[in-house]
Q: 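Encoded as structure tokens, here's the structure I'll be asking about.
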Amino acid sequence: MHKFVLLVAAALALPATPDAHAQAGSDWPTRPITLVVPFPPGGTTDLLARLIAREASAGLGQSIVVENRPGAGGGIGAAAVARAKPDGYTLLMGTVGTQASNQFLYAQLPYDAARDFAPVTLLANSPNVLLVNPKVGVNSVAQLLEQARRNPGSLNFASTSLGGSPHLSGELFNSMAHVDIRHVPYKGSAPAMTDLIGGQVQLMYDNLPSAMGQIKSGAVKALAVTTAARVPMLPDVPTVAESGLPGYEVNAWFGLLAPAGTPAPIIKRLQTVVADAMQDKSLRGQVEALGAIPVANTPQDYAAIIRADTDKWRTVIRQAGIHAQ
């Protein structure tokens, strides 16, 4: 037994093997990296992921391949990354849904949002926008509140999905304003926008990138954005907070995450490469053109945002009694 203990101690004292050394991050990356987007191609999450993948690939000297794994509000793709080997070769493009709200919407989520991921950086914030059909005759949040309070339950708002940030934007509005504007969920922005323009619903919350074309054409009217400050893309559109609901804020953010246990040097290098890429004026311009605001903060700052949004949406979802099917 004494000899066995000595052998174990000697083995533990040996220098790290080349494989262990590589796992610590010094040789990483030596092959292509997979960035999982847990939503279909063409949406804001996917477009941002492809921009970042292109720029970060140059900084890392290895290609980053975007892989779309949609389903269950982003849960299928997120679960795949949570189960992946924590070696820096599988990453997630996370959202408010995958990291904060899904855990309160789904009875069984195949991953633990807090335990199974290592935050790398918040890439960008994308405001949601409160839209109205011009024929409704509502031209401000104040007028909307007046009508909603005068006739409770008479107004409907569309969203792109059950439990997504546009839906939660509407539920937070209802909660803070003490109004009853009924939710009508759709499967994506396009069908919801079609019904808004057609008058089947009066209001809609949407990601700004998806709605920008219809706003510019005049088909719908933007009453307010959900972020704490006005956005450069719509400088004349006020925030919900300044329009009568102080403290109201919803950020539809997009961030980079790795499986829990990924070595700290890999996390640090990833964050540094992305932050450096975000300093490029061309990339920042492309992100802003999508209706998003570049961020690229630290892992610690991103983790704090996830915790804060988890607390916020836990309360809103439970008060509203929202459950995904």
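The first residue of the sequence shown is numbered 1, and numbering continues consecutively from there.
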Q: State the CD1-CD1 distance between Ile322 and Ile317, to the nearest 0.5 angstrom.
A: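 If I round to the nearest 0.5 Å, the distance is 5.5 Å.
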
Q: Indicate the atoms forming the closest heavy-atom contact of Ala158 with Val201, along with that distance.
A: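 That would be CB-CG2, 3.8 Å.
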
Q: Side chain to side chain contact (heavy atoms under 4.5 Å, CB included) for Trp253 and Val295? Distances and angles first, verdict last.
A: CA-CA 10 Å; Trp253 47 253; Val295 181; over 6 Å; no

Q: Does the distance from a Lys or Arg side-chain N to an Asp or Glu carboxylate O, for Arg284 and Asp280, drop under 4.0 Å?
A: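 Salt bridge absent between Arg284 and Asp280.
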
Q: In this structure, is the centre-to-centre distance between the rings of Phe117 and Tyr111 below 6.0 Å?
A: yes

Q: Test: side chain to side chain donor-acceptor pair (under 3.5 Å). Region: residues 124-142. Which pairs qualify, not counting sequence neighbours?
A: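 Applying side chain to side chain donor-acceptor pair (under 3.5 Å) to every pair that reaches into residues 124-142, excluding sequence neighbours, yields Asn128-Ser165, Asn128-Ser169, Asn128-Asn207.
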
Q: Taking side chain to side chain donor-acceptor pair (under 3.5 Å) as the criterion, tell me which of Thr262, Thr34, Thr30 meets it with Tyr89.
A: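 In the set Thr262, Thr34, Thr30, the residue that makes a side chain to side chain donor-acceptor pair (under 3.5 Å) with Tyr89 is Thr30.
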
Q: Quick one: CE on Met278 to OG1 on Thr121, what's the gap to the nearest 0.5 Å?
A: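 So the CE of Met278 and the OG1 of Thr121 are separated by 7.5 Å.
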
Q: Would the His167 and Tyr205 ring centres measure less than 6.0 Å apart?
A: no

Q: To the nearest 0.5 angstrom, please state how far the CG atom of Asp116 sits from the CD atom of Gln99.
A: 9.5 Å

Q: Please determine whether a side-chain nitrogen of the Lys or Arg among Glu242 and Arg230 lies less than 4.0 Å from a carboxylate oxygen of the Asp or Glu.
A: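 Yes, this pair counts.
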
Q: Taking all heavy atoms of Ala124 and all of Leu48, pick out the closest pair and write down the distance.
A: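 Scanning both residues, the minimum pair turns out to be CB-CD1, 4.3 Å.
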
Q: Nearest 0.5 Å please: distance from the CG atom of Leu123 over to the OG1 atom of Thr45.
A: 10.5 Å

Q: Measure from the side-chain N and O atoms of Ser57 to the backbone N and O of Ala53, and report whether any donor-acceptor pair falls under 3.5 Å.
A: yes

Q: Which heavy atom of Ala277 sits nearest to which heavy atom of Leu283, and what is that distance?
A: O-CD2, 3.3 Å

Q: What is the distance from atom CD of Gln271 to atom CG of Asp276, rounded to the nearest 0.5 Å?
A: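 Taking CD in Gln271 and CG in Asp276, the distance rounds to 8.5 Å.
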
Q: Roughly how far apart are Leu105 CG and Arg314 CZ, rounded to 0.5 Å?
A: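 The distance works out to 12.5 Å.
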
